[in-house]
Trainee: 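The structure that follows is given in the form of structure tokens.
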There are 2 protein chains.
Amino acid sequence: MPGIKDVARLAGVSVSTVSYVFSGKRSISPKTAEKVRQAVEKLGYIPNASAQRLRGGHNRIIAISEPIRDEMNQTQYNAYFLETAKQAKDAGYDVLILTSEEAVIDIQRVTGSNLVEGVILLDLMHKDQRAALAHLYSKPCVAIGYPTEHQDCACIDLDFTKMGQMAARILYRLGHHTIAFLRGQEEDYQRGAGYMILFYEALLKETKALGITLIESEQVDHHNFDADRFTRSIINGPAHPTALINQSGSDVLNAVVDSMQNAGISIPDDCSVLSCGTLLEKEFLHQPISEIPFTPGKLCTGAVSILRDAIENKRDIRGVVRLFKPNLVDRGSLANVRSRNEGGTI
Amino acid sequence: MPGIKDVARLAGVSVSTVSYVFSGKRSISPKTAEKVRQAVEKLGYIPNASAQRLRGGHNRIIAISEPIRDEMNQTQYNAYFLETAKQAKDAGYDVLILTSEEAVIDIQRVTGSNLVEGVILLDLMHKDQRAALAHLYSKPCVAIGYPTEHQDCACIDLDFTKMGQMAARILYRLGHHTIAFLRGQEEDYQRGAGYMILFYEALLKETKALGITLIESEQVDHHNFDADRFTRSIINGPAHPTALINQSGSDVLNAVVDSMQNAGISIPDDCSVLSCGTLLEKEFLHQPISEIPFTPGKLCTGAVSILRDAIENKRDIRGVVRLFKPNLVDRGSLANVRSRNEGGTI
DNA sequence: TTGTACGCGTTATCAA
DNA sequence: TTGATAACGCGTACAA
């Protein structure tokens, strides 16, 4: 663990010269620069991060807050976490990961002690302490999500309210006036996952406004989901929905799709299917399903970019909200409505 | 961002007194201690991490190295990562996550700059650069895995060689002399995932020694796996294996189990099934399958404990190897062999 | 173009 | 029991 003094001694220059070779903040003669470079190489010198930071420079570390609950949607967690980590890395930042459930305390600690230069919040609840108490953090904070209280942090998310409207309108325009809704994991609503609630409320409101009859599934526990029962009682039930909106993951959706196929219900001829706020992997789908998907890449890129703006340009990002318009990915599972038992194609 | 001086001024004491109140390394009069505590509270003082570290104290940060490749077993990744993070957190350490594929450079940087006090390597290859070049790191390093070159880091893992032997012997003792083997993801062998290779080689060797005929599956691509074909050609094939050893994940295994059921093959009556080096979740299994599972909890606890020993007690852990004996979890899918078409229970 | 010296916030040593 | 001060390694204002 050689220090800058060792390098200076070996190169036969002063410590400040070595420092300036690294920072490039003043001109150095090529000869001197080369001597220093060789000494650095030879000693394997790496600047001491603590000293740099203490002196007031940037340390290029950000924290990602992702409280780990026992039951959580790990696949989804992963997509956002990995994407954020990748973006941070590409921007030259290291990532400190905070998994404690006492997230606010941890964030206070790592920002207050100057350990990190900023924070990104993942997996936000509708009412999220971490966002609501952002004024306690001494460093900028970006939430990937759209919690109710966000005066002191920036928020970036898909517009799930708009997504709810879109889902209703897309199907309405195709002539669907009776629509089944397959709820997401019940636990997720319970714990207050923000996007699920926003989508659900917007869907309720818009279907009502359009005069659509929305038939809701029972509570869904994906460990123990009876797809046949769902298909029998909802899709094949007395209300005769002509379309299905799904908010569950691909395992539950696949089971329903299989079950529909077994029941002789063809997609989209007999029933259109639209998945919303999901991230379906094509390879895992038993049938291609049209989707208004999550866009982790876009959100995480945006989040890191906002945070960098705050860190590197000292921009005040408190209260900034950036909502992306959701996009429909058409995979052919949507069609105009037609009465049942008509037979043939459109 | 108040400093120790601000606290000292407000409390009317010297900075060293404040410092000692925090460290508890010398006795402080209750009255003074209380004054300091109040000042700390009032100012929201948090010690500057960089300054502490610069002065020579511990900073209680470790790095977890987990190079993110495009194709990886995310579920498994998660189990180890989350468990390690949890253990570290419980031991009072923060975790810096290194996901770059240029892992060696990153580890050199974060150890050399004193940013972290130690490193844990996850997802090790059979021949792993990160372990082979551990002498380049200026801080202790623990691999959760058992790579070939490990002179300069500690290794902790399940004993996959023993696991291979166990699998062969368990089935041999039950009278199985013709055994099918369902390979894991081909990509994983290709990229050299250490444990899969060790297990596979040991299995080959032990079955050979015991005179067991091992019938291998074709290469497995779990995105595109034809379970019926596997069942037809292997389980129901001319060689008539009486047992199946699985190294694939639960999705592939489930497909095979279903396919066997459809083919009228009953587990374990017609065919015993043993899954090795997997982490099957009971809820996701279509039938309970006996297993010699991964033990992320045990390994990660051990890894953090070894690393702490190195950091906190300055123990030299280079070259230390700790291999756990694998354990069979019996879920009833193993039985004594009997000739086919015998009918009835044992 | 280069060197000297100060200060960042903390802790340990020494003195009171 | 408490206070003053040197030192950690680095970056930069200032001097040369």
Side-chain angles (χ1 to χ4, degrees), chain A residues 1-40 43-61 109-117 138-139, chain B residues 1-40 43-61 109-117 138-139:
Chain A
M1 37 196 116
I4 198 171
K5 280 187 291 200
D6 302 294
V7 177
R9 188 164 34 236
L10 183 59
V13 300
S14 76
V15 288
S16 63
T17 302
V18 177
S19 177
Y20 282 116
V21 167
F22 271 80
S23 71
K25 289 196 179 176
R26 79 179 181 195
S27 52
I28 306 279
S29 76
K31 222 175 54 184
T32 310
E34 188 49 32
K35 276 192 300 184
V36 171
R37 238 176 278 286
Q38 296 211 350
V40 166
L43 296 174
Y45 165 70
I46 299 176
N48 183 306
S50 305
Q52 286 184 316
R53 182 63 187 148
L54 179 57
R55 190 59 187 75
H58 290 193
N59 63 357
R60 301 196 83 81
I61 304 178
R109 181 175 55 81
V110 298
T111 54
S113 71
N114 265 333
L115 219 173
V116 304
E117 300 192 78
S138 68
K139 294 283 149 54
Chain B
M1 37 201 112
I4 198 171
K5 280 187 291 201
D6 302 294
V7 177
R9 188 165 33 235
L10 182 60
V13 299
S14 77
V15 287
S16 57
T17 302
V18 177
S19 176
Y20 281 114
V21 168
F22 271 80
S23 70
K25 290 192 180 177
R26 79 179 181 195
S27 52
I28 307 279
S29 75
K31 220 174 55 182
T32 310
E34 188 49 32
K35 274 191 302 182
V36 170
R37 239 177 279 285
Q38 296 211 349
V40 166
L43 296 174
Y45 164 72
I46 300 176
N48 182 307
S50 304
Q52 287 183 316
R53 182 63 187 148
L54 179 58
R55 190 58 188 79
H58 290 192
N59 62 357
R60 300 194 85 79
I61 305 179
R109 179 175 56 81
V110 299
T111 55
S113 70
N114 264 331
L115 218 174
V116 305
E117 300 192 78
S138 68
K139 294 282 147 55

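Both backbone and side-chain heavy atoms feed into the values below; hydrogens, waters and symmetry mates do not.
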Trainee: Scan A:Ser19 against the nucleic acid and name what it touches under 4.0 Å (heavy atoms): base, sugar-phosphate only, or nothing.
Mentor: base
Trainee: Would you compute the distance between atom CZ of B:Arg26 and atom OG1 of B:Thr17 and round it to the nearest 0.5 angstrom?
Mentor: 5.5 Å
Trainee: Would you mind reading off the distance between A:Asn59 atom CG and D:dG11 atom P, rounded to a whole angstrom?
Mentor: 13 Å
Trainee: Taking only side-chain nitrogens and oxygens of A:Lys25, does any of them come within less than 4.0 Å of OP1 or OP2 of D:dT12?
Mentor: yes
Trainee: Nearest whole Å is fine: how far is D:dT1 C1' from B:Lys35 NZ?
Mentor: 12 Å
Trainee: Distance check needed: C:dT10 C1' versus B:Ile4 CD1, whole Å only.
Mentor: 6 Å
Trainee: Give A:Val18 one of three labels, base, sugar-phosphate or nothing, depending on what nucleic acid heavy atoms sit under 4.0 Å from its own.
Mentor: nothing
Trainee: Using whole Å, report how far CZ of A:Arg9 lies from C1' of D:dG9.
Mentor: 13 Å
Trainee: Quick check on the helix from C:dT1-D:dA16 to C:dA16-D:dT1: what's the angle between its two end axes, five base pairs per end, to the nearest 10°?
Mentor: 40°
Trainee: Quick one: side chain to side chain donor-acceptor pair (under 3.5 Å) partners of A:Ser16, sequence neighbours excluded?
Mentor: A:Ser14
Trainee: How long is the span from the OG atom in A:Ser50 to the CG atom in A:Asn114, to the nearest 0.5 Å?
Mentor: 11.5 Å
Trainee: Taking the minimum atom-to-atom distance to the side chain of A:Ser23, which one of D:dC10, C:dA12, D:dT12 wins?
Mentor: D:dT12
Trainee: So, OP1 or OP2 of C:dT1: does either fall under 4.0 Å of a side-chain N or O from A:Ser27?
Mentor: yes
Trainee: Side chain of B:Gln52 only, heavy atoms from C-beta on: which candidate in D:dG11, D:dG3, C:dT11 is closest?
Mentor: C:dT11
Trainee: Between CZ of A:Arg60 and CG of B:Leu115, what distance do you get to the nearest 0.5 Å?
Mentor: 13.0 Å
Trainee: To the closest 0.5 Å, what do you measure between CD1 (A:Ile4) and CD (A:Gln52)?
Mentor: 9.0 Å
Trainee: Is the shortest side-chain heavy-atom distance between A:Asp6 and A:Tyr45 below 4.5 Å?
Mentor: no
Trainee: Could you give the CZ-to-C1' distance, from A:Arg60 to D:dC10, as a whole number of Å?
Mentor: 18 Å
Trainee: Under 4.0 Å between a side-chain N/O of B:Ser29 and OP1 or OP2 of D:dT2, yes or no?
Mentor: yes
Trainee: Over how many whole Å does the gap from B:Asp6 atom CG to C:dC8 atom P extend?
Mentor: 11 Å
Trainee: At their closest point, which heavy atom of B:Ile46 faces which heavy atom of A:Gly112, and how far apart are they?
Mentor: CD1-CA, 3.7 Å
Trainee: For the CG atom of A:Leu54 and the CZ atom of B:Arg53, what is their distance to the nearest 0.5 Å?
Mentor: 13.5 Å
Trainee: Between C:dT11, D:dT2, C:dT2, which one does the side chain of A:Ile28 approach most closely?
Mentor: C:dT2
Trainee: If I take atom CG in residue B:Asn48 and atom C1' in nucleotide D:dC10, what distance separates them, rounded to the nearest angstrom?
Mentor: 14 Å
Trainee: Using the side-chain heavy atoms of B:Pro47, tell me which of these nucleotides is nearest: D:dT1, D:dC10, C:dT10.
Mentor: C:dT10
Trainee: C:dT11 C1' sits how many Å from B:Phe22 CZ, rounded?
Mentor: 13 Å
Trainee: As a test of reading the structure: which of C:dC8, D:dT1, D:dC10 is closest to the side chain of A:Leu54, going by heavy atoms?
Mentor: C:dC8
Trainee: So among B:Thr111, B:Ile61, B:Val110, B:Asn59, which one has a side chain to side chain contact (heavy atoms under 4.5 Å, CB included) with B:Glu117?
Mentor: B:Asn59
Trainee: Does B:Gly56 reach a base, just sugar-phosphate, or nothing at all? Heavy atoms under 4.0 Å.
Mentor: nothing
Trainee: Select base, sugar-phosphate, or nothing to describe what B:Tyr45 touches, counting heavy atoms under 4.0 Å on all strands.
Mentor: sugar-phosphate
Trainee: For nucleotides 4-6 of chain D, print each protein N/O atom paired with a nucleotide N/O atom at under 3.5 Å, atom names and distance only.
Mentor:
residue: D:dA4; atom: N6; partner: B:Ser16; partner atom: OG; Å: 3.3

Trainee: Could you report the tightest heavy-atom contact between A:Val18 and A:Val13, atom names first, then the distance?
Mentor: CG2-CG2, 3.9 Å
Trainee: How would you label the contact of A:Thr32 with the nucleic acid (heavy atoms, under 4.0 Å): base, sugar-phosphate, or nothing?
Mentor: sugar-phosphate
Trainee: Quick one: pull up NZ in A:Lys139 and OG in A:Ser113 and give me the separation to the nearest 0.5 Å.
Mentor: 7.5 Å
